[in-house]
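Structure, as structure tokens:
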Amino acid sequence: RGGNQHLDISYRNIKHAFFQPAENAKDQCVTLVHFHLHDPIMVGKRKSNDVQFFVNVIDAVEAIDNSRRSMYDPDEIEEEQRER
């Protein structure tokens, strides 16, 4: 919940790990990793046996796509002109 918080998890402490990739469906755009731990760890001010991480894939793909574009890319300029 804290946003960008650094968290160390020992591999030995992971009892179960779950991975849920984003599907192509429009309602499923989050990739998820969940760890159930043997022993609780401190997350903020609370002990927790379960830790979950996720990323909104659509935002990540758009960020990567925008960073690859160049103002001087001739293919990009041509594509924009066709769209007009």
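Index from 1, following the sequence.
- Evaluation of the side chain to side chain donor-acceptor pair (under 3.5 Å) test over residues 30-42, restricted to residues two or more places apart or in two chains, returns His34-Asp50, His34-Gln52, His36-Asp50.
- Of all heavy-atom pairs between Ala22 and Cys29, the closest is CB-C, 4.1 Å.
- Using a 4.5 Å cut-off on side-chain heavy atoms (C-beta onward), Phe18 and Phe35 make no contact.
- For Val43 against Ser48, the heavy-atom pair with the smallest separation is CG2-CB, 4.1 Å.
- Side-chain atoms of Asn13 and Ile41, non-hydrogen and from C-beta on, do get closer than 4.5 Å to each other.
- At most 12 heavy atoms of other shown residues, nucleotides or ligands fall within 6.0 angstrom of atom CZ in Phe54.
- For Asn49, there are no side-chain hydrogen bond (donor to acceptor under 3.5 Å, both in side chains) partners two or more places apart in sequence or in a different chain.
- By the side-chain hydrogen bond (donor to acceptor under 3.5 Å, both in side chains) test, Asp8 pairs with His6, sequence neighbours left out.
- The hydrophobic cluster containing Leu7 also contains Phe19, counting ILVMFWY residues as joined when their side-chain heavy atoms lie under 4.5 angstrom apart, directly or transitively.
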Yes or no on side-chain contact (heavy atoms from CB on, under 4.5 Å) for Val30 and Val55, after CA distance, side-chain angles and deciding distance?
-> CA-CA 6 Å; Val30 173; Val55 64; over 6 Å; no

